[in-house]
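A short write-up of the structure that comes next.
Values below: all heavy atoms of this structure, side chains included; hydrogens, waters and symmetry mates excluded. Treat the numbers as computed from the prediction; the structure is a model and nothing was measured. Just so it is clear: chains get the letters A, B, ... in the order the sequence lines come, proteins before strands, and each one is counted from 1.
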2 protein chains.
Amino acid sequence: MTTASVPMAAPTTRMGSDERRELVLEAATIVFGQRGYSGTTTDQVAAAAGVSQPYVVRIFGTKEKLFLAVLQRALDVLMSAFRRAIAEDSEESVAHRMGTAYVDLLKDRGLLLSLMHGFVLGAETEIGKVARCGFLDVYRFLKNEAGLTAEEAADFLAHGMLLNTLVGMRMTDEYDTDPDARELLDGSLQHKLPLLLEVTDPTRKA
Amino acid sequence: MTTASVPMAAPTTRMGSDERRELVLEAATIVFGQRGYSGTTTDQVAAAAGVSQPYVVRIFGTKEKLFLAVLQRALDVLMSAFRRAIAEDSEESVAHRMGTAYVDLLKDRGLLLSLMHGFVLGAETEIGKVARCGFLDVYRFLKNEAGLTAEEAADFLAHGMLLNTLVGMRMTDEYDTDPDARELLDGSLQHKLPLLLEVTDPTRKA
DNA sequence: GGGCTAAGTAATCATTCGATTACAACACTC
DNA sequence: GAGTGTTGTAATCGAATGATTACTTAGCCC
């Protein structure tokens, strides 16, 4: 008999709680992004993060608080990306650089979609509060720090929402089969399109 | 003792199945619009429609089929509104008339929001199919029948998605308290804003 | 007016899910 | 190396939910 009869004592070392929290947040972002708030179970998040379900709820308290943390993190990442975009010096316009930065966020899988799910759940008291506040923060940033006019800012947001919608409905699935889908995606993404295709379908060859 | 010991025999007459189906669809549209697909229960829909929960699922088979019917109806109503808008003769541009028609759809409560919830659920096999197909139908309509260029059509769709998002997050709740919210809503809706405010908050005085 | 079809419900079932509890083991301090 | 707090899990619970079954009654046709 071996010294350990316990079933598979973990060979890995333990993890700090901050690190673990961030890991779960990233996993949750992916799952919430594709199934939505109500459609996601804490069990799915736990499985995606490689921890047990009770641990997920203990870290965040409730599923709602977990989703709120996902939303807040997504908004923070978004704002950081925009700040970086307007800080860099380039020949491109500020709006163009921010657009590029926005599309680049697709690499953080589920981030824009989790945001989108939060945005359309304004009827949920707490979620709605975070969504409205976060959205207005972005709008203010576009006007006050990026120097866009009100109309330019609205246009920017509008095309962002269109992109989110196209990604959410997996319009990329029709990219090869439907010329209109291709045209729509080309128009929304321009040179960033290969990134989207790669993110949404890892098997595709460039 | 009264002649009827049965608990409240309905004083109302019975209803044809088509009529009843439409009634349930409308109720479902409202509920799905504010809670999303997974967040809505068949019981909530039944209560909103004034029928029993088992009856709702018997009419549509499953909750998913009910949601698909809601989506299809919403797309049909949308396309009808657009066709009517381009048919009428007016001094306004086609795009302007369609925009007005789109905003008018807010009167059909939950319709645009149910659509939006469907749009961001592309990962769900059946829902995704209907969403992509319906969205592309609209895009083709804008180009082929309304005579918009590809870019104009994308702009139109983008601002539609922004409007849906603003409504979904209940940005109207901040209309009186936040000048940026007000500006954003004014820009997205122009003269149609009173309609939105009335729809989202029936207690408000014009 | 009797039977037949369709509208509609009450009761209930099997799952699923978020949350709680109790317990285990690793790492750190003294 | 004993004690202790933190990381982490197994087991389980109660409520919610979609679906099924069996039953009731209204209208309708002959």
Side-chain angles (χ1 to χ4, degrees), chain A residues 2-25 27-28 31-32 34-70 121 124-127, chain B residues 2-25 27-28 31-32 34-70 121 124-127:
Chain A
T2 62
T3 53
S5 66
V6 284
M8 283 284 161
T12 61
T13 181
R14 284 210 177 168
M15 194 172 286
S17 65
D18 289 355
E19 197 180 350
R20 180 65 82 191
R21 186 188 155 94
E22 177 63 21
L23 220 92
V24 173
L25 270 184
V31 185
F32 277 127
Q34 57 183 28
R35 333 266 289 216
Y37 170 56
S38 299
T40 296
T41 72
T42 54
D43 213 32
Q44 290 165 346
V45 171
V51 298
S52 66
Q53 180 264 343
Y55 196 36
V56 169
V57 355
R58 207 175 62 183
I59 295 177
F60 294 93
T62 64
K63 175 177 150 177
E64 185 182 37
K65 284 180 186 162
L66 167 60
F67 187 66
L68 290 172
V70 164
L121 281 184
E124 292 275 328
T125 320
E126 295 302 317
I127 295 173
Chain B
T2 63
T3 54
S5 65
V6 285
M8 284 283 158
T12 62
T13 181
R14 283 206 177 173
M15 194 172 287
S17 65
D18 289 356
E19 197 181 349
R20 181 64 84 191
R21 186 188 155 97
E22 177 63 20
L23 219 95
V24 173
L25 270 183
V31 185
F32 277 128
Q34 59 183 26
R35 334 266 289 216
Y37 170 56
S38 300
T40 295
T41 72
T42 54
D43 214 31
Q44 290 164 345
V45 172
V51 296
S52 67
Q53 180 264 342
Y55 197 37
V56 168
V57 355
R58 207 175 63 180
I59 295 177
F60 294 94
T62 66
K63 175 177 150 175
E64 186 184 36
K65 284 178 186 164
L66 167 60
F67 187 65
L68 290 173
V70 165
L121 281 184
E124 291 275 327
T125 320
E126 296 302 317
I127 296 173

Practice prompt. Choose from C:dG8, C:dA19, C:dT9 the nucleotide whose nearest atom is closest to any side-chain atom of A:Gln53.
Written response: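 Taking heavy atoms from C-beta onward, the closest nucleotide is C:dA19.
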Rounded to the nearest Å, what distance is computed from the [atom1] atom of residue [X] to the [atom2] atom of nucleotide [N]?
X: B:Tyr55; N: C:dA7; atom1: OH; atom2: P; answer: 5 Å
X: A:Glu19; N: D:dT6; atom1: CD; atom2: P; answer: 18 Å
X: B:Arg21; N: C:dG8; atom1: CZ; atom2: P; answer: 14 Å
X: B:Arg20; N: C:dG8; atom1: CZ; atom2: C1'; answer: 8 Å

Discussion item. Testing A:Asp43, A:Thr42, A:Thr40 one by one against A:Val31 for a side chain to side chain contact (heavy atoms under 4.5 Å, CB included), which residue passes?
Written reply: A:Thr40
Give the minimum heavy-atom separation between [X] and [Y], together with the two atoms involved.
X: B:Val56; Y: B:Leu66; answer: CG1-CD2, 4.0 Å
X: A:Arg20; Y: A:Ile59; answer: CG-CD1, 4.2 Å
X: A:Ala49; Y: A:Leu23; answer: O-CD2, 4.0 Å

Worksheet item: What's the spacing between B:Arg35 CZ and A:Glu124 CD if we round to 0.5 Å?
Response: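 CD of A:Glu124 is found 6.5 Å from CZ of B:Arg35.
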Worksheet item: Which parts of residues 56-65 of chain A get close to DNA chain D, meaning a heavy atom less than 4.0 angstrom away?
Response: A:Arg58
Practice prompt. Within residues 36-51 of chain B, find the residues that approach DNA chain D with a heavy atom at under 4.0 Å, and present them sorted by residue number.
Written response: B:Thr40, B:Thr41, B:Thr42
Practice prompt. Check whether any side-chain nitrogen or oxygen of B:Ser52 sits under 4.0 Å from OP1 or OP2 of C:dG8, and answer yes or no.
Written response: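 Answer no for this pair, as no side-chain N or O of B:Ser52 is under 4.0 Å from OP1 or OP2.
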Discussion item. Treating A:Lys63 as the side-chain partner and A:Tyr37 as the backbone partner, does any N or O pair qualify as donor plus acceptor under 3.5 Å?
Written reply: yes
Practice prompt. State which residues pass ring pair (Phe, Tyr, Trp, His ring centres under 6.0 Å) with B:Phe32; sequence neighbours excluded, sorted by chain then number.
Written response: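 If we apply the ring pair (Phe, Tyr, Trp, His ring centres under 6.0 Å) test to B:Phe32, skipping adjacent residues, the hits are B:Phe67.
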Worksheet item: Can you find a pair of side-chain heavy atoms, one from B:Val24 and one from B:Phe60, that are under 4.5 Å apart?
Response: yes
